[in-house]
Amino acid sequence: MGAILKIKNLSVDFDNKKIIKNINMKIEEKKITAIIGPSGCGKSTFIKSLNRMIEEEKNSTIHGAILLNGKNIRDMDKEQVREKIGMVFQSPTPFPLSIYENMTYAPVYYGIKDKKQLKLIVEEKLKIAGLYEEVKHDLKMKATKLSGGQQQRLCIARALTVEPEILLLDEPCSALDIKNTANIEEMLMKLSDIYTIIIVTHNLSQAKRIADYTAFMLNGEIVEYGKTEELFESPKDIRTKQYIDGSFG
């Protein structure tokens with residue numbers, strides 16, 4: 001399928017301090033790419049750069065280019081970028097509205113008014129997220145009353161309502177138990193048939209289980225990037241091996 005996203009000489013500074021340093025990589029379409037590395041190495045800053053969210057943070061300066069299907073995202077409207085590249089955060093962030101209103105918020109914003117169409121979108125995306133059977137009789141319930149795992153699946157389903165091409169996930173399972181983590185991992189593997197997924201995870205086992213490709217970040221740089229199996233079984237850089245072996249991080 002080839003690369004959907006090409007990152008060229010990407011650097012991000014905060015107050016003139018370099019957080020991301022000259023990253024060059026290609027993200028393969030309809031695959032799961034995991035970003036691993038110790039806390040504070042720049043993983044979250046990196047993926048926030050991929051849909052221009054980093055620009056909302058004060059004193060940030062971005063250099064380099066990110067090409068989505070060959071088009072520089074800096075030449076696109078921010079809303080268009082975020083429609084194409086959705087994001088789900090570490091802690092679930094349901095709107096303080098009903099489940100149904102959470103799910104229709106973006107489609108309505110982007111101009112869909114037909115109630116039948118909206119109902120179909122809600123049902124389809126909740127089913128994809130494995131949540132529909134659990135909430136189909138409670139769509140008017142406030143989303144904040146769902147469990148943490150359900151809230152996170154709702155946020156993933158909500159991100160899919162505008163049909164993004166890429167889904168960014170910043171440690172989506174870090175606050176969840178084993179069962180909910182397994183549910184989300186299973187869902188992400190199914191979603192990768194349709195969407196390109198980039199996931200930041202501190203959980204090396206999770207990267208091994210679900211990612212097709214893995215990038216190891218350290219001090220704002222990509223130390224090593226390749227097929228997950230190869231990176232874990234025969235890392236080319238000693239720092240990757242040390243991190244995987246638990247020597248630091």
Side-chain angles (χ1 to χ4, degrees), residues 3-29 31-82 84-91 159 164-172 174 196-204 206-207 211-228 231 235-244 248-249:
I4 187 170
L5 207 61
K6 293 180 182 176
I7 299 145
K8 298 185 175 182
N9 304 315
L10 177 69
S11 296
V12 179
D13 304 349
F14 282 105
D15 293 323
N16 299 317
K17 184 185 176 190
K18 229 171 231 341
I19 306 299
I20 300 294
K21 303 168 187 172
N22 203 41
I23 288 180
N24 289 278
M25 65 190 293
K26 294 177 181 179
I27 302 293
E28 296 298 316
E29 186 179 8
K31 301 289 182 187
I32 299 177
T33 299
I35 313 293
I36 62 170
S39 296
C41 72
K43 301 186 298 293
S44 293
T45 299
F46 172 60
I47 67 161
K48 282 183 188 171
S49 305
L50 301 182
N51 70 346
R52 299 185 60 185
M53 282 201 71
I54 205 68
E55 294 174 30
E56 312 301 332
E57 300 195 16
K58 280 186 178 177
N59 307 320
S60 64
T61 313
I62 298 99
H63 309 277
I66 297 164
L67 307 179
L68 173 63
N69 295 317
K71 189 173 181 182
N72 193 329
I73 64 168
R74 300 289 287 282
D75 296 333
M76 296 164 67
D77 183 75
K78 277 185 196 175
E79 282 191 5
Q80 188 188 10
V81 173
R82 288 168 198 168
K84 300 275 187 196
I85 307 176
M87 186 156 186
V88 176
F89 297 94
Q90 185 169 356
S91 298
E165 293 183 51
I166 299 173
L167 189 60
L168 310 173
L169 300 116
D170 191 359
E171 306 225 19
S174 64
T196 301
I197 294 170
I198 303 171
I199 179 170
V200 165
T201 179
H202 66 285
N203 184 332
L204 298 185
Q206 182 173 72
D212 301 289
Y213 295 88
T214 297
F216 169 53
M217 274 190 87
L218 186 64
N219 300 323
E221 297 178 284
I222 298 288
V223 171
E224 191 165 341
Y225 174 49
K227 289 187 175 174
T228 298
L231 185 135
K236 295 180 177 68
D237 193 292
I238 185 65
R239 293 167 294 175
T240 311
K241 185 179 188 315
Q242 288 171 337
Y243 181 69
I244 289 166
F248 67 92

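Reckoned from all heavy atoms, side chains included, excluding hydrogens, waters and symmetry mates. Small disclaimer: the values here were computed from a predicted structure and weren't measured.
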Evaluate side chain to side chain contact (heavy atoms under 4.5 Å, CB included) for Ile54 paired with Phe46, printing each intermediate quantity in order.
CA-CA 8 Å; Ile54 205 68; Phe46 172 60; over 6 Å; no

For residues Gly86 and Pro164, report the shortest heavy-atom separation together with the two atoms involved.
N-CB, 3.9 Å

What's the verdict on side chain to side chain contact (heavy atoms under 4.5 Å, CB included) for Ser39 and His202, showing C-alpha distance, side-chain angles and the deciding distance?
CA-CA 8 Å; Ser39 296; His202 66 285; over 6 Å; no

Are Met217 and Ile23 side-chain neighbours, meaning at least one heavy-atom pair lies under 4.5 Å?
yes

Any heavy-atom pair between the side chains of His63 and Asn9 that's under 4.5 Å?
no

Quick check for you: to the nearest 0.5 Å, what is the distance between Thr61 atom OG1 and Lys17 atom NZ?
14.5 Å

Under a 4.5 Å cut-off applied to non-hydrogen side-chain atoms, are Asn22 and Leu10 in contact?
no

Output yes when a side-chain donor or acceptor of Arg74 lies under 3.5 Å from a complementary backbone atom of Ile66, and no otherwise.
no

Between atom OG1 of Thr201 and atom CD1 of Ile35, what is the distance when rounded to the nearest 0.5 Å?
11.0 Å

For Thr45, is there any backbone N or O sitting under 3.5 Å from a side-chain donor or acceptor partner on Ser49?
yes

For Lys227 and Asp212, indicate whether the former's side chain and the latter's backbone hold a donor-acceptor pair under 3.5 Å.
no

Salt bridge check: are Lys21 and Glu221 linked by an N-O gap of less than 4.0 Å?
no

Leu5 vs Glu28, test: side chain to side chain contact (heavy atoms under 4.5 Å, CB included). Steps then yes/no.
CA-CA 7 Å; Leu5 207 61; Glu28 296 298 316; over 6 Å; no

Which pair of non-hydrogen atoms, one from Ile19 and one from Gly42, has the smallest distance, and what is that distance?
CG2-CA, 4.4 Å

Are Thr196 and Glu29 linked by a side-chain donor-acceptor pair shorter than 3.5 Å?
no

Does CG belonging to Asn16 count more than 12 external heavy atoms closer than 6.0 Å?
no

Check: Ala211 main-chain N/O paired with Lys31 side-chain donor or acceptor under 3.5 Å
no

Just how far is it from atom OG1 of Thr228 to atom CD1 of Ile36, taken to the nearest 0.5 Å?
8.5 Å

Reported CZ-to-OG distance for the pair Phe89 and Ser44, which is rounded to 0.5 angstrom
9.5 Å

Under a 4.5 Å cut-off applied to non-hydrogen side-chain atoms, are Ile73 and Lys84 in contact?
no

Test side chain to side chain contact (heavy atoms under 4.5 Å, CB included) on Leu168 and Val88; report intermediate values, then the result.
CA-CA 6 Å; Leu168 310 173; Val88 176; over 6 Å; no

Minimum side-chain heavy-atom gap Tyr213-Ile27 below 4.5 Å
no

Rounded to the nearest 0.5 angstrom, the CD1-CD1 distance for Ile222 and Ile7 is 8.0 Å

Would you give the length of the straight line joining atom CE of Met53 to atom CD1 of Ile85, rounded to the nearest 0.5 angstrom?
12.0 Å

Under a 4.0 Å N-O cut-off, is there an ion pair linking Glu57 with Lys48?
yes

Just to verify, what does Asn72 make a side chain to side chain donor-acceptor pair (under 3.5 Å) with, not counting sequence neighbours?
none

More than 12 heavy atoms from other groups under 6.0 Å of NZ on Lys18
yes

Would you indicate whether the side-chain heavy atoms of Gln90 and Pro172 approach each other to under 4.5 Å?
no

Given side chains that start at C-beta, do those of Leu68 and Ile166 come closer than 4.5 Å, heavy atoms only?
yes

Using salt bridge (charged side-chain N to carboxylate O under 4.0 Å, His left out) as the criterion, list what pairs up with Lys78, not counting sequence neighbours.
Glu55, Glu56

So do the side chains of Lys236 and Leu231 get within less than 4.5 Å of each other, counting heavy atoms only?
no

Heavy-atom pair of closest approach, residues Pro38 and Lys43
O-NZ, 3.1 Å

Within the 6.0 Å centroid threshold, strictly below: Tyr225 and Phe216
no

Do you see a donor-acceptor pair shorter than 3.5 Å between the side chains of Glu171 and Asn203?
no

Asp237 (side chain) donor-acceptor with Arg239 (main chain) under 3.5 angstrom:
yes

